[in-house]
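In what follows, a single structure is set out as structure tokens and then discussed.
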Amino acid sequence: MADSLKDIFTQLIKRFRSFLSVKDSRSIGAFAGLAFAVLFAWTLLRKSSCNQRRRLKPPTGGPSSSSSRTNRSSNAAAIETSTTTTACSPLPIDSRAQHVSDNVSQRITPMPMLGKIVKQRLNGGRKVTCQLLGVILEETTPEELQEKATVRSSVPRVLREITKRCDLYLMERVLDDESEEKVLCVLEDAGLFTSSGLVKDKVLFCSTENGRTSFVRQLDPDWHIDTNPEIVTQLVRFIKNQLHISPTKAGGLATNVYSATSLEQFFGCA
């Protein structure tokens, strides 16, 4: 377009010169019109040239311009953030501190859940037998069961996780039928027959310690949990893994016997 305007402008100049060379000019009006046309063409040519130069101007991509754009973007983001913060209702100091504390705690990797710990501890075991007295119940002797039965407060959580992964059998020596009823009632009240895979038929009772040993031998579990070190020792050759519950956390019974002060302590929720 610039070239065509140049041609027009050149032709107008030539005509203007021809006009001046003619001695019989018709009127001053014709001369003024020609001058206006020349001025108009020159103005268009100048604008077109300026626009073309602006389009062809190479962009400045140096580090300084890039840094400037980055700073402008950062300043714009900061202004927007400041505006948003100002528009919101300010939190009390305690609330802001709590908010920061919550954010920090979310970045910390949480401890494994109880189910994951139970799975790791059982190490693939699919059947578990467990004594009641001193492990599941607060009472430690059959004589105490004749008076009352009490489920340890933190045990049901562990038992629920065990029954999700294993076939669980509970067993105990009792002195009378009333003791059996007390045990079944407190287990039911604790929700162990409704919220886990435990059923009443898997709660076994016997009249002697040897009877419990016989139950374990017949069931052949992957894990047996007991408070009696003699029974644990007798079962070492037959049971793959055992957990000995003892207030003193006694050890050294055998390489396949673990020791803990409580069922909860062994599974990390004491």
Result block: side-chain N/O donor-acceptor pairs under 3.5 angstrom for residues 215-222, not counting sequence neighbours:
from   : atom 1 : to     : atom 2 : distance (Å)
Gln218 : NE2    : Ser214 : OG     : 3.1
Asp222 : OD2    : Arg126 : N      : 2.8
Asp222 : OD2    : Lys127 : N      : 3.1

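Considering only residues two or more places apart in sequence or on other chains, Arg165 meets the side-chain hydrogen bond (donor to acceptor under 3.5 Å, both in side chains) condition with Glu161. Judged as a side chain to side chain contact (heavy atoms under 4.5 Å, CB included), and not counting sequence neighbours, the contacts of Val199 are Asp201, Lys202. Take Arg173 and apply the salt bridge (charged side-chain N to carboxylate O under 4.0 Å, His left out) test, not counting sequence neighbours, and it matches Glu209. Remark: Ser207 engages no residue in a side chain to side chain contact (heavy atoms under 4.5 Å, CB included) (not counting sequence neighbours). Arg152 pairs by the side chain to side chain contact (heavy atoms under 4.5 Å, CB included) definition with Glu138, Val155, Ser262, Glu264, not counting sequence neighbours.
Using a 4.5 Å cut-off on side-chain heavy atoms (C-beta onward), Thr261 and Ser246 make no contact. Between Val203 and Leu132, the closest side-chain pair of non-hydrogen atoms falls below 4.5 Å. Two residues are said to be in side-chain contact when any heavy atoms from C-beta on lie closer than 4.5 Å; Leu170 and Leu204 fail this criterion. For the pair Leu184/Phe193, a side-chain contact is recorded, criterion being any heavy-atom separation below 4.5 Å from C-beta on. Two residues are said to be in side-chain contact when any heavy atoms from C-beta on lie closer than 4.5 Å; Pro142 and Val174 fail this criterion. The side-chain heavy atoms of Asp167 and Val128, taken from C-beta on, include no pair separated by under 4.5 Å. Looking only at side-chain heavy atoms (C-beta outward), Leu263 and Ile136 come within less than 4.5 Å of each other.
Residue Phe267 is grouped with residue Val151 when hydrophobic side chains (ILVMFWY) are merged at heavy-atom distances under 4.5 angstrom, including chains of intermediate members. Both Val158 and Leu198 are assigned to one and the same hydrophobic cluster, defined by single-linkage of ILVMFWY side chains at heavy-atom distances under 4.5 Å. Clustering ILVMFWY residues whenever any of their side-chain heavy atoms sit less than 4.5 angstrom apart, transitively, puts Phe205 in the very cluster that holds Leu133.
Between Leu145 and Glu172 the shortest heavy-atom distance is CD1-CG, 4.4 Å. Closest of all the heavy-atom pairs between Ala190 and Pro156 is CB-CG, 4.4 Å. Annotation for Thr150 and Glu139: closest pair N-OE1, 2.8 Å, computed over non-hydrogen atoms. Heavy-atom minimum distance, Val236 versus Asn256: O-ND2, 3.3 Å.
Trp223 places a side-chain N or O within 3.5 Å of a backbone atom of Leu122 that can act as its donor or acceptor partner. At least one donor-acceptor pair closer than 3.5 Å links the side chain of Thr233 to the backbone N or O of Pro229. Between the Asp226 side chain and the Gln131 main chain, no donor and acceptor come within less than 3.5 Å of each other.
In this structure, Ile225 CD1 and Ile239 CD1 are separated by 12.0 Å, a value rounded to the nearest 0.5 Å. Distance check, rounded to the nearest 0.5 Å: CZ of Phe266 to CG of Leu243 gives 5.0 Å. The structure places CD1 of Ile162 at 12.0 Å from CZ of Arg121, a figure rounded to the nearest 0.5 Å. Phe238 CZ to Thr213 OG1: the interatomic distance, rounded to the nearest 0.5 Å, is 10.5 Å. Here the CD-CD distance, from Glu178 to Glu147, works out to 11.5 Å after rounding to the nearest 0.5 Å. In this structure, CG on Leu192 lies 9.0 Å from CG on Leu168, to the nearest 0.5 angstrom.
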Assess the residue pair Asn241 and Asn123 against the criterion (side chain to side chain contact (heavy atoms under 4.5 Å, CB included)); give the C-alpha distance rounded to whole Å, side-chain angles, the decisive distance to 0.1 Å, and a yes or no. CA-CA 10 Å; Asn241 297 294; Asn123 194 26; 5.9 Å; no

Please report the C-alpha distance between Lys182 and Gln146 in whole Å, then the side-chain angles of each, then the deciding distance to 0.1 Å, and finally whether the side chain to side chain contact (heavy atoms under 4.5 Å, CB included) criterion is met. CA-CA 8 Å; Lys182 287 185 177 69; Gln146 290 181 304; 5.8 Å; no

Could you walk me through whether Asp176 and Ser179 satisfy the side chain to side chain donor-acceptor pair (under 3.5 Å) test, starting with their C-alpha distance in whole Å, then the side-chain angles of each, then the deciding distance to 0.1 Å, before giving a yes or no? CA-CA 6 Å; Asp176 50 41; Ser179 298; 2.6 Å; yes

Begin with the C-alpha distance, continue with both residues' side-chain angles, and end with the deciding distance and a verdict on side chain to side chain donor-acceptor pair (under 3.5 Å) for Thr129 and His224. CA-CA 5 Å; Thr129 55; His224 176 61; 2.7 Å; yes

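Around atom CD of Glu143, more than 12 heavy atoms belonging to other residues, nucleotides or ligands sit under 6.0 Å away.
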